[in-house]
Asker: 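Before we start, here is the structure in question, set down as structure tokens.
So that the names make sense, note that chain A is the first sequence line, chain B the second, and so on, each numbered from 1.
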Amino acid sequence: MLDLKLIRSNPDRVREGLRKRGAEVSLSELLSLDQERRSVLVELESLKNKRNTVSKEVGRLKAAKEDASILINEMRQVNEEIRNLDEKVRLIEEKIGEKLLTLPNLPHESVPEGVDDSYNLEVRRWGEPRQFSFKPLPHWDIGENLDILDFERGAKISGARFTVLKGMGARLERALVNFMLDLHINEHGYTEVFPPYLVNADSMLGTGQLPKFAEDMFKVDPQGYYLIPTAEVPVTNLHREEILKSEDLPIKYVAYSACFRAEAGAAGRDTRGLIRQHQFNKVELVKFTTPETSYTEHEKLVRDAEAVLQKLGLPYRVILLSSGDMGFGAAKCYDLEVWLPSFNMYREISSCSNYESFQARRANIKYRPTPDAKPEFVHTLNGSGVAIGRTVAAILENYQEADGSVRIPEVLIPYMGGLERIQAKK
RNA sequence: GGAGAGAUGGCUGAGUGGUCGAAAGCGCCCGCCUCGAAAGCGGGUAGGGGUGUUGAGCCCCUCGCGAGUUCAAAUCUCGCUCUCUCCGCCA
């Protein structure tokens, strides 16, 4: 959510930022609602002031056994007006709120301007895509040949975009979760969190999934819970409605969770394999920082996510997203894209965003810069560290051998109970 | 699921209709004292909004949330949420 005071005092700057994102939004309605609200409020508050003053006078008169009926009758009139104006303000504020909640964040000055992903910038590359002496198979073929991925039965028991992991496939999934958690906890200083997978609507509003993207999520009837699309939601909302101590910042959490996405707008895309599933696992990094440090922390967060791919020996590149390609709430976002041989291209495996105060304002997460200063909004950041399903796909494809087996990356062998290679059963 | 109790400021905890945004204690901040600290003493210490000579003052709202009664609600009524205790059920 954007700061209404910023919109009021600097509408041109806001318009410019929204334009860069390709958001065609008029601020004039919002600005006039804001103006109207404040003028009604002046009138309303003076009436309430009158009521408060007179009520005290009534109390005094009654205590002195004097007649107060004139004042009481007068207040009946005033109360009628207050009721009307209260309702008026409530309606205006409702409209303002709706409007504010649908405005995307403004891009940071370092974000390349552009309408779509063709304006994204490649920041750096790591690792060399391997040269194969045979035609590399897509991971779904590898997985089925090894009997570790079962797409058919996933579809039978649930539907399209659900997969069953079996044997060493399930073990690999679990190994990756543990490897990534250990790395971020032990080497990068994050605190482990295991959150609920079902959250309420307030949480979804806080991180920006609601109200605009309801169709992307699974909702549980009739209780009204939402299945989390990412651990970002419960973990960021951990500190909703809180004022944090500045000496505790930055707060760094790492959370493993399953993620659930309706993929409403992706019909027909990535229908095969593990790339786009309704349910997948992810290790997520979340930070709460001061405004002064958020961009340094953002760079560090990206490096923390990169470390996962480096240790796994998976070639990747880092992409700085253009203003038009970023998610709704991000001020700046890097994607990590891992090399997938069968696609002969890099595919997104992590997205690391600085939300600045966008989520903090929605979720009301503040901190006190100094012990007696007024609370200010924190900056929130998050990034995948990294998506597990896509990592499984990347390992199967990058580590496949001509005989159909798959080598296990060095760092994972201890997590695989010493197994060095997944082979088909005879 | 049944029965009961409760929800007040960073914390503990008073407050059952009229200067209560709220006693007291703890914590925290500033000052005095001290070489320094502790103790002691004095003062300060919620959040949001409006106005404005833009952080001086003034005003409005908030005592879990939402309605209601009243000239006036932390205090009365109703609904909801959450917490705790006991019983039942259960991974």
Asker: Please give the distance between the C1' atoms of B:rG15 and B:rA56 as a whole number of Å.
Answerer: 34 Å
Asker: Taking only the P atom of each, what is the distance from B:rG6 to B:rU19 in whole angstrom?
Answerer: 25 Å
Asker: Can you tell me, in whole Å, how much space there is between the P of B:rG55 and that of B:rC60?
Answerer: 24 Å
Asker: Look at all strands and tell whether A:Lys56 reaches a base, only sugar-phosphate, or nothing, counting heavy atoms closer than 4.0 Å.
Answerer: nothing
Asker: Rounding to the closest angstrom, what is the interatomic distance between B:rU83 and B:rG64 at atom C1'?
Answerer: 10 Å
Asker: Rounded to whole Å, please give me the gap between CG in A:Asn200 and P in B:rU81.
Answerer: 13 Å
Asker: What integer distance in Å separates A:Glu74:CD from B:rA72:P?
Answerer: 13 Å
Asker: Could you tell me the separation between the CG atom of A:Leu47 and the C1' atom of B:rG50, rounded to a whole number of Å?
Answerer: 14 Å
Asker: Take A:Arg368 and A:Lys5, find for each the nucleotide of RNA chain B with the closest heavy atom, and name the residue whose nucleotide sits nearer the 5' end.
Answerer: A:Arg368
Asker: Examine the side chains of A:Thr191 and A:Lys252 and answer whether a donor and an acceptor come within less than 3.5 Å of each other.
Answerer: no
Asker: Calculate the interatomic distance between A:Asn49 atom CG and B:rC58 atom P; express it in whole Å.
Answerer: 12 Å
Asker: Within the structure shown, what part of the strands sits under 4.0 Å from A:Val58 by heavy-atom distance: base, sugar-phosphate, or nothing?
Answerer: base
Asker: Assign the ring pair A:His239 / A:Phe288 to parallel, tilted or perpendicular, where the plane angle (0 to 90°) is split at 30° and 60°.
Answerer: perpendicular
Asker: Please examine the side chains of A:Glu376 and A:Pro369, heavy atoms only from C-beta on, and report whether any two atoms are closer than 4.5 Å.
Answerer: yes
Asker: Considering only atom P, compute the distance from B:rG66 to B:rC71 and round it to an integer number of Å.
Answerer: 23 Å
Asker: Taking the side chain as every heavy atom from C-beta outward, state whether A:Glu94 and A:Arg90 have any pair of such atoms under 4.5 Å apart.
Answerer: yes
Asker: Pick the nucleotide of RNA chain B nearest each of A:Ser55 and A:Arg38; which residue has the one closer to the 5' end?
Answerer: A:Ser55
Asker: Mind listing the closest non-hydrogen atom pair of A:Arg368 and A:Ser246 along with its distance?
Answerer: O-CB, 3.1 Å
Asker: Under 4.0 Å between a Lys/Arg side-chain N and an Asp/Glu carboxylate O for A:Asp147 and A:Lys425?
Answerer: no
Asker: Taking only the side-chain nitrogens and oxygens of A:Arg51, find out if one of them lies under 4.0 Å from OP1 or OP2 of B:rC71.
Answerer: no
Asker: Which residue is it: A:Arg347, A:Gln310, A:Glu337? I am looking for the one with a side-chain hydrogen bond (donor to acceptor under 3.5 Å, both in side chains) to A:Tyr316.
Answerer: A:Gln310
Asker: Using 30° and 60° as the class limits, which term best fits the ring planes of A:Tyr190 and A:His188: parallel, tilted or perpendicular?
Answerer: perpendicular
Asker: What nucleic acid atoms does A:Asn52 come within less than 4.0 Å of, heavy atoms only: base, sugar-phosphate, or nothing?
Answerer: sugar-phosphate
Asker: Scan A:Asn84, A:Ile82, A:Val89 and name whichever one has a side chain to side chain contact (heavy atoms under 4.5 Å, CB included) with A:Asp86.
Answerer: A:Ile82
Asker: Tell me which nucleotide among B:rC60, B:rC71, B:rG48 gets nearest to the side chain of A:Asn79.
Answerer: B:rC71
Asker: Can you tell me, in whole Å, how much space there is between the C1' of B:rA37 and that of B:rG47?
Answerer: 35 Å
Asker: Over all strands shown, is A:Lys62 touching base, sugar-phosphate only, or nothing at heavy-atom distances under 4.0 angstrom?
Answerer: base
Asker: By the 4.0 Å heavy-atom rule, please label A:Leu41 as base, sugar-phosphate, or nothing.
Answerer: sugar-phosphate
Asker: Taking atom C1' of B:rU51 as reference, at what distance in whole Å does atom CZ of A:Arg37 sit?
Answerer: 12 Å
Asker: In whole Å, what separates the P atom of B:rU8 from that of B:rA72?
Answerer: 27 Å
Asker: Angle class for the A:Phe162/A:His278 ring planes (parallel below 30°, perpendicular above 60°, tilted otherwise)?
Answerer: tilted
Asker: I'd like to know if the side chain of A:Arg21 and the backbone of A:Pro104 have a donor-acceptor N/O pair within less than 3.5 Å.
Answerer: no
Asker: Using heavy atoms and a sub-4.0 Å distance, could you list which residues of residues 237-250 of chain A are near RNA chain B? By number, please.
Answerer: none
Asker: As a test of understanding, state which of A:His298, A:Lys300, A:His379 forms a side chain to side chain contact (heavy atoms under 4.5 Å, CB included) with A:Lys287.
Answerer: A:Lys300
Asker: Below the 4.0 Å mark, does B:rG50 have OP1 or OP2 next to a side-chain nitrogen or oxygen of A:Arg8?
Answerer: yes
Asker: What is the distance, to the nearest angstrom, from the CZ atom on A:Arg90 to the P atom on B:rG66?
Answerer: 12 Å
Asker: Could you spell out the base pairing of RNA chain B in dot-bracket, with Watson-Crick or G-U pairs whose two distances are under 3.5 Å, [ ] crossing and | to another strand?
Answerer: ((((((((.[[[..)..(.....]]]((((((.......))))))((((((.....)))))).[[[[[..)....]]]]])))))))....
Asker: When you measure from the side chain of A:Pro375, which nucleotide among B:rG48, B:rC71, B:rU51 comes out closest?
Answerer: B:rG48
Asker: Figure out the CD/C1' separation between A:Gln35 and B:rU51, and round it to whole Å.
Answerer: 13 Å
Asker: Taking the same atom, C1', in B:rA3 and in B:rA91, what whole-Å distance lies between them?
Answerer: 25 Å
Asker: Classify A:Arg60 by what it touches in the nucleic acid, base, sugar-phosphate, or nothing, heavy-atom distance under 4.0 Å.
Answerer: nothing
Asker: May I have the distance from A:Glu87 (atom CD) to B:rA67 (atom C1'), rounded to whole angstrom?
Answerer: 13 Å
